[in-house]
Amino acid sequence: MHLRPRRNRRTPAIRALVRETTLTPADFIQPLFLHEGAEDVAIESMPGCTRWSLEGLVKEAGEVHALGVPAVVLFPAIADSLKTSGAEEAWNPEGLVPRAIRALKEAHPGLCVITDIALDPYNADGHDGLVEREPDGSLVILNDETVECLCRQALCHAEAGADIVAPSDMMDGRVALIRHSLDSESFEDVGILSYSAKYASAFYGPFRGALDSAPKEGDKKTYQMDPGNAREAIREASLDEAEGADMIMVKPAGPYLDIIARIRESTVLPVAAYQVSGEYLMIESAAASGWIDGRAVALESLIGIKRAGADMILTYYAKRAAEWLRA
Ligand code: PBG
């Protein structure tokens, strides 16, 4: 026997030399939840996550940044009294998100602030788009009218100082129109991270609980993708690239590693992947039961996502993983 692959695994030093994929804090984007209250409130449906007050948010973002995580993405819990069927609060310049962007950029100018573009936190119906009821009682999502709202929302976030806007709504044509709106108001430096391949996934359940943003009726299957489809993900990513997206996202991450790998092959744009709430909680709950080593499994899940082809990972582990990697 002269071929012995184990020679390259013999010592930690050799393994370090031949390691193909490594994680660093710079790979991560930290999702942060915020609300109007003055208190920082632990989120029951997502242990380990917090709904931050503005003050708490600024402090937490500073700690995350100091650990080497370059970016945060904001998810607001909006008071029920502000939710309407037109979702107008989504582009209120004095709304929670624009105020948070301004506070974050003032306190941490070097931190990349990304915002979610979609109507669900603001929409009385809980859908990512505007909803109309057909005579037969069924709901339809109004694509083109929604895109107009998303453009207003993106402009509102850009005016407040967002570095990157991230449309997560899956409406057709929104990247081109958001790009056009930003450019026409001289925000040509604001980037677009497009949720290109966002699947209609049961793994989002805990997140919707965290924000009270679950759809009141129906599901999201007419806009989010069918979990059985892979070629369609390439089509979505190619369209978003042609429409001017700066970065492409796949979501969820762990159950869709093949999609990450295929999109990685199909574009030279940076690829992001979102390890979503259900993925996070499967690891957290198994670890809390003592069934798995949570830290080791979390880091392995993240390196798997990176190895599949993700350049950056949105993960609720961002801060903790950055601490683990430094230790
Ligand atoms: C909504 C949005 C969702 C998530 C991020 N943005 C939920 C949804 O589409 O219903 C899910 C994130 C997670 O589960 O961690 N625009």
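Owing to the predicted nature of the structure, the values given are computational and were not obtained by experimental measurement. Counting convention: from 1, in listed order, for ligands and their atoms alike.
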What does the N/O contact table under 3.5 Å look like for ligand 1?
from, atom 1, to, atom 2, distance (Å)
ligand 1, 6 (N), K251, NZ, 3.3
ligand 1, 9 (O), K198, NZ, 2.7
ligand 1, 9 (O), Q224, NE2, 2.9
ligand 1, 10 (O), R208, NE, 2.5
ligand 1, 10 (O), R208, NH2, 2.6
ligand 1, 10 (O), K220, NZ, 2.7
ligand 1, 14 (O), S277, N, 3.3
ligand 1, 14 (O), S277, OG, 2.7
ligand 1, 15 (O), S277, N, 2.7
ligand 1, 15 (O), Y316, OH, 2.5
ligand 1, 16 (N), D120, OD1, 3.2
ligand 1, 16 (N), D120, OD2, 3.3
ligand 1, 16 (N), D128, OD2, 3.3
ligand 1, 16 (N), S168, OG, 2.7

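Look at D212 and K83 and you find no salt bridge, because none of the NZ, NE, NH1 or NH2 atoms lies under 4.0 Å from a carboxylate O. The residues E60 and K319 are annotated as salt-bridged, a charged nitrogen and a carboxylate oxygen being separated by less than 4.0 angstrom.
For K216, the NZ atom counts as densely surrounded, since its 6.0 Å shell holds more than 12 non-hydrogen atoms of other residues, nucleotides or ligands. The local environment of CD in E106 is sparse, with at most 12 non-hydrogen atoms from other residues, nucleotides or ligands closer than 6.0 Å.
Sorted by first then second residue, the side chain to side chain donor-acceptor pair (under 3.5 Å) pairs that include residues 3-23, not counting sequence neighbours, number zero.
Side chains of T50 and D40: no donor on one and acceptor on the other come within 3.5 Å.
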